[in-house]
Amino acid sequence: MDYFKNDLTSIHNGLVKHDFSAAELTAETFKQIKARDQKIESFLTLNEEAAVAAAAQVDQAGITDAEKLAGIPVGIKDNIITKGLKTTAASKILENFEPIYNATVMNKLNAARMINVGKLNLDEFAMGGSNENSAFKITKNAWDQTKVPGGSSGGPAAAVASGQLLAALGTDTGGSIRQPAAFNGIVGVKPTYGRVSRYGVIAFGSSLDQVGPMTRSVKDNALLLSAIAGHDKHDFTSSEREVPDFTAKLDGDIKGMRIGLPTEYLEQGVDPEVKEAILNAAKTFEKLGATVEEVSLPHSKYGVPVYYIIASSEASSNLQRYDGIRYGFRAEDVKNLEDVYVRSRSEGFGDEVKRRIMLGTFSLSAGTYDAYFKKAAQVRTLICRDFADVFANYDLILSPTTTSTAFDIGAEINDPVKMYMNDILTIPVNLAGLPGMSLPAGFSNGMPIGMQLIAPQFGEETMYRAGYAFEQATDFHQAVPTIGGEN
Amino acid sequence: MAITADEVKHVAQLAKLEFTADELQMFAGQMDDIITMVQQLSEVDTTGVPVTSTVAEAKNVMRKDVAVPGTDREELMKNVPQKDRGLIKVPAIIDESEEA
């Protein structure tokens with residue numbers, strides 16, 4: 001089964017027509033994973049036994065044409081909890097954690113009868129943009145194994161980009177789906193805050209976190225989002241709005257669509273090749289009948305500091321639960337209870353997680369709260385207002401996803417501030433709770449360039465329609481990486 | 001300096017983390033860089049601007065106060081690092097080595 005020559009729809013048709021069975025598809029998928037993942041290192045845990053059993057069950061029960069995802073393999077970022085299947089968040093502190101319930105998105109994928117083939121690597125607790133913060137392994141970019149896959153959803157991105165899977169779930173707090181999607185030349189969507197339940201997603205920044213699909217095509221992405229979206233009584237921030245079939249209006253034309261191109265997003269340290277690709281994309285949209293005009297998001301440059309204060313503050317609170325008592329790593333040879341807390345956390349967390357806990361604790365402390373946390377929450381309002389002003393006159397925003405293509409492994413890991421600045425173009429979307437998508441828009445020295453589309457809250461349909469039109473008009477998404485001399 | 005090594009040490013105590021002398025030096029330097037970076041927010045005029053603490057369509061969610069079956073106790077205890085007769089085992093709260 002060549003995933004580079006197929007999409008979810010062609011696989012579904014093959015299953016329905018009995019060209020192959022779900023069991024055969026699953027077996028073939030594991031064969032490919034075992035061959036390719038030696039070089040990519042995207043998986044932390046394979047779920048082979050359970051996946052084989054689930055596929056056999058799907059075959060036995062049969063697949064109707066309406067069940068678009070039944071019997072199809074999917075990979076899950078390892079900060080989304082899976083009942084009975086080790087879930088680590090790529091942290092030593094959860095190295096042996098076996099959840100006793102499923103995240104809501106997992107229940108939804110199980111209801112759609114997708115086959116969970118395993119758990120994918122990430123930066124520890126989704127904190128990072130390179131996968132180098134994983135406690136277990138560094139996933140490699142599908143296009144060049146000396147480069148980072150991006151992060152934090154580097155595992156899902158590289159697995160999909162290297163043809164091991166057609167679909168994976170990632171999470172995005174400040175760009176963690178879109179940036180690795182851009183670095184690996186795939187499609188990644190961070191839905192509107194509240195579109196998808198966060199129940200059972202290991203909490204990082206609760207006012208920012210969202211689960212989203214990572215795929216090789218826009219249509220596949222829309223299919224998967226339709227399956228995981230919707231209200232959940234276990235997450236009161238999940239929206240009660242009805243979930244449309246995101247694939248239904250994909251091929252509507254985009255004539256008259258008004259697209260804004262923020263000046264600030266082309267200025268902030270963006271590489272010339274990336275800028276050129278985005279300006280070319282703007283021309284493509286104009287050819288398709290949309291209007292593209294420069295707009296301004298004046299508070300963009302404050303996105304990174306606002307984000308690092310707010311996300312780290314929320315993280316410092318969320319991560320208090322890792323205390324070595326009820327689950328997770330407990331330090332040995334401890335003398336008293338205080339020791340259990342301090343030593344378990346100090347030995348269990350990696351450096352980046354500690355930095356964020358420290359920054360968050362500092363920002364929330366008496367004496368600094370007003371100048372840091374409150375100030376950041378106020379500037380967040382100004383960033384939200386910038387977007388609202390643009391969306392009063394525009395349907396969509398177009399920008400680069402990242403300032404550059406994927407960087408070398410080891411290049412930035414010792415300079416946290418430089419690493420943080422990588423997220424400058426994705427962070428504001430999370431702060432304002434908007435949906436954002438990255439999709440392939442070109443290449444620079446053989447590495448993929450990602451383009452970002454941003455819609456108003458709950459405007460995913462517009463975003464998908466524009467993305468689909470762009471994809472049909474270009475061939476960037478058809479390029480396939482060569483992995484260690486083969487593909 | 002945006003933050004001193006002593007302040008970093010104090011924050012670490014609040015966060016229940018401890019660092020060796022070498023780590024403390026590294027973290028203090030990096031924290032200083034990060035805090036210097038976030039301090040650029042002070043140039044933004046936020047007079048009268050309300051805070052944004054959520055972007056959810058927030059409202060109060062109520063449920064009926066009805067008893068429902070809880071999680072099985074043994075299942076709940078599955079990931080407990082040390083247990084004894086159905087209870088979570090922890091070391092003494094008072095350091096025994098200091099008692100003598």
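Naming convention: chains lettered A, B, ... in sequence-line order (proteins, then strands); numbering from 1 in each chain.
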Report which part of [X] has an atom under 4.5 Å of a heavy atom belonging to chain A: side chain, backbone, both, or neither.
X	result
B:K89	backbone
B:M31	side chain
B:S53	backbone
B:V61	side chain
B:L76	both
B:L17	both
B:M26	side chain

Side chain to side chain, [X] and [Y], heavy atoms closer than 4.5 Å:
X	Y	result
A:N414	B:Q30	no
A:Y302	B:V44	yes
A:E338	B:K16	yes
A:R355	B:I34	yes
A:F362	B:V8	no

Checklist entry - Around atom NE2 of A:H231, are there more than 12 heavy atoms of other residues, nucleotides or ligands at under 6.0 Å? => result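 Yes, because the 6.0 Å sphere around NE2 of A:H231 holds more than 12 heavy atoms from other groups.
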
Item to check | Whether A:Q457 side chain and B:V55 backbone form a donor-acceptor pair below 3.5 Å | outcome: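 A pair under 3.5 Å: yes.
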
Taking all non-hydrogen atoms of both residues, which atom of [X] and which atom of [Y] are closest, and how far apart?
X	Y	answer
A:S346	B:E18	OG-N, 2.8 Å
B:S42	A:K375	CA-CE, 4.1 Å
A:Q378	B:V49	NE2-O, 2.9 Å
B:A56	A:Y193	CB-CE2, 3.6 Å

Item to check | Lys/Arg N to Asp/Glu carboxylate O, B:E57 vs A:R241, below 4.0 Å | outcome: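 Counted as a salt bridge, because a side-chain N and a carboxylate O are separated by less than 4.0 Å.
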
Checklist entry - Can we say B:E43 and A:K301 salt-bridge, meaning some charged N sits less than 4.0 Å from an Asp/Glu carboxylate O? => result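 Result for this pair is yes, salt bridge flagged.
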
Checklist entry - Can you tell me how far CG of B:L14 sits from CE of A:M358, rounded to the nearest 0.5 angstrom? => result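 So the CE of A:M358 and the CG of B:L14 are separated by 9.0 Å.
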
Checklist entry - Under the side chain to side chain donor-acceptor pair (under 3.5 Å) criterion, do A:T381 and B:T52 qualify, and how do the steps go? => result CA-CA 5 Å; A:T381 303; B:T52 295; 2.6 Å; yes

